[in-house]
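Written out below as structure tokens is the structure these notes cover.
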Amino acid sequence: MKPTISIVVAIFNRKDELFELLNSLTSQSDKDFEIIIVDDGSLVDLRPTIENFESFLNIKYFRKENSGPGLSRNFGSRRAGNEWLVFVDSDVIVEKDYIENIKKDILEIPCDAFGGADKAHKGFNLMQKAISYSMTSVFTTGGIRGSKKAVSKFQPRSFNMGVKKEVFEKVGGFSEMRIGEDPDLSMTLWENGFTTAFFDNIAVYHKRRVDFGKFSKQVYQFGCARPILNQRHPNYVKISFAFPTLFLLGYIMGFLEYFIMGKGIILAFYGLYTFMVLFHALWVTKNISIAGMAVISTYIQMFSYGYGFLKSWVLLNVFKMKPEEAFPKHFHKM
């Protein structure tokens, strides 16, 4: 018997992205699924966009006060009628065999939750492709978002994530965290004895941020969230989480070495890293413009995440602040 699927989308404002997502879902080879759209207090009217697809898709639409993505997904999940909950971000596009492959993989790979990769669509602009590269590259994230080979114990991310509804309810769904709520859920699942898996044939096209400023703010927030996650789930702390902070501090030390001692030994290593990223990005994307911007986005990612991680670690471990005090905007009172 095939699994039944409810796609849950929490959305804030992204009307154009929602149109593209729903448009991709109309082309599914397996059309037996429902879509739960939770409007998280958008400032624009999403109803006209949804009405364009109601004759093609089984859509349930709900609007509520803004509470952040995690609690909005919980809201939608309580209203889902199927066995499996599949969470996707509102700024993704899926292939026509997305639902078909999910059902096939669930039957073939026993698990309580799963996730898939993300990649850049050929229609994305150059900056989006550069940002996609840096978020999936072996030189930044270790490739864990983009390759099955890089996966040991996979943490599904909410841009492309599925969970058994009964399991989701047993662990209480997403927490009150606004940032980092998806790895928080994955580790909570592990702590309760549930299993996760990586499905390598359900990748989505993830638009992410469309300019470097927004991208920097986003990865800064990811960096802030990681020490909080380390406190909540100490059994799953990895030294690699601190790598972007060490990268940032090393870069600063390199400039101090150069201006104080007149030596550029440390900066030489960063020069080598830059060329490695450039040539790898060129090899992956086959476009010199994307490769050049990928170098910029890679440094933005490493510096912004590293600074966020460092700031959060100092506030939590040196000043002994509670996460809710240090980053009140990262939490919502349940």
Side-chain angles (χ1 to χ4, degrees), residues 3-12 14 21 33-42 59-92 99 102 106 110-116 153-199 202 204 221-222 224-226 228-236 322-324 327-334:
T4 55
I5 302 292
S6 295
I7 295 179
V8 181
V9 183
I11 184 169
F12 179 74
R14 293 175 167 176
L21 169 60
F33 61 95
E34 69 172 358
I35 305 170
I36 312 295
I37 297 176
V38 182
D39 183 345
D40 191 25
S42 295
I59 301 178
K60 297 178 182 177
Y61 170 73
F62 303 93
R63 179 177 169 82
K64 54 179 280 300
E65 291 184 2
N66 183 269
S67 65
L71 298 190
S72 295
R73 295 188 193 105
N74 291 351
F75 180 96
S77 299
R78 290 192 293 270
R79 290 152 178 81
N82 290 324
E83 177 188 4
W84 282 84
L85 306 170
V86 174
F87 303 103
V88 295
D89 280 355
S90 57
D91 60 344
V92 306
I99 297 296
I102 285 177
I106 287 173
C111 63
D112 300 300
F114 63 84
K153 194 166 186 178
F154 186 66
Q155 292 183 5
R157 295 295 198 269
S158 55
F159 62 80
N160 187 13
M161 177 183 194
V163 191
K164 286 181 181 176
K165 185 178 180 182
E166 63 175 353
V167 170
F168 187 78
E169 292 172 343
K170 284 181 181 178
V171 300
F174 289 101
S175 71
E176 74 282 7
M177 294 182 70
R178 283 177 174 259
I179 306 294
E181 76 285 350
D182 39 1
D184 181 56
L185 174 60
S186 293
M187 288 182 280
T188 299
L189 290 170
W190 296 342
E191 289 163 352
N192 284 272
F194 297 113
T195 59
T196 60
F198 179 83
F199 293 172
I202 63 164
V204 300
Q221 292 174 336
F222 291 161
C224 291
R226 179 51 67 179
I228 299 173
L229 292 169
N230 289 347
Q231 276 195 357
R232 293 168 72 100
H233 308 281
N235 291 333
Y236 300 108
K322 294 181 179 180
E324 297 84 354
F327 302 99
K329 292 183 179 180
H330 285 204
F331 291 86
H332 183 82
K333 294 182 179 180
M334 301 179 71

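Note that the structure is a prediction, hence the values are computed from the model and not measured.
The ring-ring contact (aromatic ring centres under 6.0 Å, His included) search around F194 returns none, not counting sequence neighbours. Checked against side chain to side chain donor-acceptor pair (under 3.5 Å), Y61 has the following partners two or more places apart in sequence or in another chain: D39. When the ring-ring contact (aromatic ring centres under 6.0 Å, His included) test is applied to F199, the partners found at least two apart in sequence or on another chain are F114.
The minimum heavy-atom distance between R178 and K329, with the atom names listed, is CD-O, 3.0 Å. Shortest non-hydrogen contact noted between G116 and I202 is CA-CG1, 3.9 Å. Minimum heavy-atom separation, T195 to P110: OG1-O, 4.4 Å. Minimum interatomic distance between P323 and Q231 (heavy atoms only, all atoms of both residues): CG-OE1, 3.9 Å.
Checked by atom type and distance alone, the side chain of N74 pairs as donor or acceptor with a backbone atom of F174 at under 3.5 Å.
Residue K64 qualifies as enclosed at atom NZ: its count of foreign heavy atoms under 6.0 Å is above 12.
With respect to I7, the side chain to side chain contact (heavy atoms under 4.5 Å, CB included) criterion is satisfied by exactly one of I36, I102, V88: V88.
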Side-chain donor/acceptor pairs under 3.5 Å, residues 185-192, sequence neighbours excluded:
from : atom 1 : to   : atom 2 : distance (Å)
S186 : OG     : P156 : O      : 3.3
S186 : OG     : D182 : O      : 3.4
T188 : OG1    : D184 : O      : 2.8
W190 : NE1    : T196 : OG1    : 3.0
E191 : OE1    : H233 : ND1    : 3.2
E191 : OE2    : H233 : ND1    : 2.7
N192 : ND2    : T188 : O      : 2.7

Using atom types as modelled, flag every donor-acceptor pair under 3.5 Å from a side chain in residues 77-87 to any protein atom, sequence neighbours excluded.
from : atom 1 : to  : atom 2 : distance (Å)
S77  : OG     : R73 : O      : 2.7
R79  : NH1    : F75 : O      : 2.8
N82  : ND2    : I5  : O      : 2.7
N82  : ND2    : S6  : OG     : 3.3

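Residues in residues 159-168 take part in these side-chain hydrogen bond (donor to acceptor under 3.5 Å, both in side chains) pairs, two or more places apart or across chains: Y98-N160.
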**Request:** Please lay out, stage by stage, how R14 and S42 fare under the test side-chain contact (heavy atoms from CB on, under 4.5 Å).
**Result:** CA-CA 8 Å; R14 293 175 167 176; S42 295; over 6 Å; no
**Request:** Evaluate the criterion side-chain contact (heavy atoms from CB on, under 4.5 Å) for residue pair I35 and K60; output intermediate values, then yes/no.
**Result:** CA-CA 6 Å; I35 305 170; K60 297 178 182 177; over 6 Å; no
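Looking at F331 and M177, their side chains come closer than 4.5 Å, going by heavy atoms from C-beta outward.
In this structure, the separation between CD1 on I106 and CG on D112 is 11.0 Å, given to the nearest 0.5 Å. Between the CG atom in D40 and the OG atom in S67 there is a gap of 4.5 Å [rounded to 0.5 Å].
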